[in-house]
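Below, read A as the first sequence line, B as the second, and so on, with proteins coming before strands; counting in each chain starts at 1. Excluded from the calculations below are hydrogen atoms, water molecules and symmetry mates; all remaining heavy atoms, backbone and side chain alike, are included. These figures come from a predicted structure and were not determined experimentally.
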Protein chains: 2
Amino acid sequence: MAQIEDFLESKGVRPTAMRLLVFKYLADRQAAATLSDVEASFSKAERTTLYRTLKTFEENSIVHQIDDGTGISKYALCEEGCNCDLERHLHLHFHCNKCDETVCLTDYKIPPLNLPKGFIANDANMVLKGICDKCSQN
Amino acid sequence: MAQIEDFLESKGVRPTAMRLLVFKYLADRQAAATLSDVEASFSKAERTTLYRTLKTFEENSIVHQIDDGTGISKYALCEEGCNCDLERHLHLHFHCNKCDETVCLTDYKIPPLNLPKGFIANDANMVLKGICDKCSQN
DNA sequence: AGAATTAATGCACTTCCGTTGCATACTTAA
DNA sequence: TTAAGTATGCAACGGAAGTGCATTAATTCT
Ligand SMILES: [Mn+2]
Ligand SMILES: [Mn+2]
Ligand SMILES: [Zn+2]
Ligand SMILES: [Zn+2]
């Protein structure tokens, strides 16, 4: 927990009790979390506080927001040393239609593409949908 | 207009006046349209009717819904002979951060990818973000 | 044609998620 | 210890998607 504290501080985020808990919660998860997920795990805490915690994390490159096409924002910890702004760090996300979980495939980068003349991309989102590893082995 | 009528019928959709107009509206556009866009163009028509028109079109493979990450669903006509269910028909979408328009890059398909063991994809969404051709030439 | 059936439209209302305003509590720095 | 800055709690708002139901229009059947 002291490590988390140091980590948050290194990112310029004050390590409040709530923030430490939310960070730990995200670290202990394999799948990306929605605000509702977080909310459900901390019934004592306020929605808004958790919302702002996630936003703060996002602004300071502690988590990245994931749009998996469900219409609900999800959040997952960034990779170590990740700068979410740089295209080269962009990885795939996989949304399972069975368990409804979304995971980062951090080792699978979005492939570079040639675009039509005049189109200049500086960001990308790629989500694959289907059956995840957990669900496919049953 | 008679052609549109025949086309809708060939897709199993009854060609009502409203549907003909909405189809024409989409056909005359280059960029994908939100429900609000359609609404704004037909101030006399009801939101719900337009909403259901788009849904009907989508269910009958006349349009496809696009999730470009803005959080607002957009719709564009399907390519001729398109079966939206088949992965091979999936194409890229490009969202311009300047003019805020999203266009189909129908000739640019989502590249096939090797996924980690156990992951089985049957659908995909890929959106590139940046400056579109129109906006980059000014 | 006229009645019965089915489909489309209009209107009101709801739900869900994200977001903001503002008062209070807490923390840090002078 | 006082002042300034930051985080939290509570309430309310907003946009977009979606639903229920009555009304109107189009089809089908007799
Ligand atoms: Mn990720
Ligand atoms: Mn498209
Ligand atoms: Zn799964
Ligand atoms: Zn543009």
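For Arg14(A) against dG5(D), no side-chain N or O and base N or O form a donor-acceptor pair under 3.5 Å.
Within the structure, every side-chain polar atom (N or O) of Thr56(B) is placed at least 4.0 Å from both OP1 and OP2 of dA8(C). A close approach under 4.0 Å does occur between a side-chain nitrogen or oxygen of Thr16(B) and OP1 or OP2 of dT9(C).
Comparing dT8(D), dT9(C), dT19(C) by their closest approach to the side chain of Lys55(A) singles out dT19(C). When each of dG18(C), dT20(C), dT9(C) is scored by its nearest atom to the side-chain atoms of Arg52(A), the top-ranked nucleotide is dT20(C). Distances were taken from every side-chain heavy atom of Ser73(B) (C-beta onward) to each of dA17(D), dG18(C), dA7(D); the shortest belongs to dA17(D). Here dT20(C) is the nucleotide among dT20(C), dG18(D), dA17(D) with the atom lying nearest to any side-chain atom of Tyr51(A).
What separates CG of Leu35(A) from C1' of dT19(C) is a distance of 11 Å, to the nearest Å. At whole-Å resolution of the value, CZ in Phe23(A) and P in dA7(D) are 17 Å apart. Rounded to a whole Å, the CD atom of Glu46(A) is 16 Å from the P atom of dT24(C). When the P atom of dT6(D) is taken as reference, atom CE of Met18(A) falls 21 Å away, rounded to whole Å. Rounded to whole Å, atom P of dT19(C) lies 10 Å from atom CZ of Arg47(A). If you take CD of Glu58(A) and C1' of dT19(C), they are 14 Å apart, rounded to a whole angstrom. Between the CG atom of Leu54(B) and the P atom of dA16(D) there is a distance of 14 Å, given to the nearest Å. At whole-Å resolution of the value, CG in Leu20(A) and P in dC26(C) are 17 Å apart.
Residue Thr34(A) is out of contact with every strand shown, counting any heavy-atom pair closer than 4.0 Å. Heavy atoms of Thr48(B) sit under 4.0 angstrom from at least one base atom.
Exactly one residue among His91(B), Glu58(B), Glu79(B) makes a side-chain hydrogen bond (donor to acceptor under 3.5 Å, both in side chains) with His64(B). That residue is His91(B).
If you take CD on Glu5(A) and CE on Met1(A), they are separated by 8.5 Å, rounding to the nearest 0.5 Å. Note that NE2 of His93(B) and CD1 of Ile110(B) are 8.5 Å apart. Values are rounded to the nearest 0.5 Å.
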Inset, instruction - For Tyr25(A) and Arg29(A), run side chain to side chain donor-acceptor pair (under 3.5 Å): C-alpha distance rounded to whole Å, both residues' side-chain angles, the deciding distance at 0.1 Å, then the answer. - result: CA-CA 7 Å; Tyr25(A) 170 77; Arg29(A) 269 178 79 98; 2.8 Å; yes
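Salt bridge Lys74(B)/Asp37(B): absent, no basic N to carboxylate O contact under 4.0 Å.
Ranked by how close their nearest DNA chain D nucleotide is to the 5' end, Ile72(B) and Pro15(B) are led by Ile72(B).
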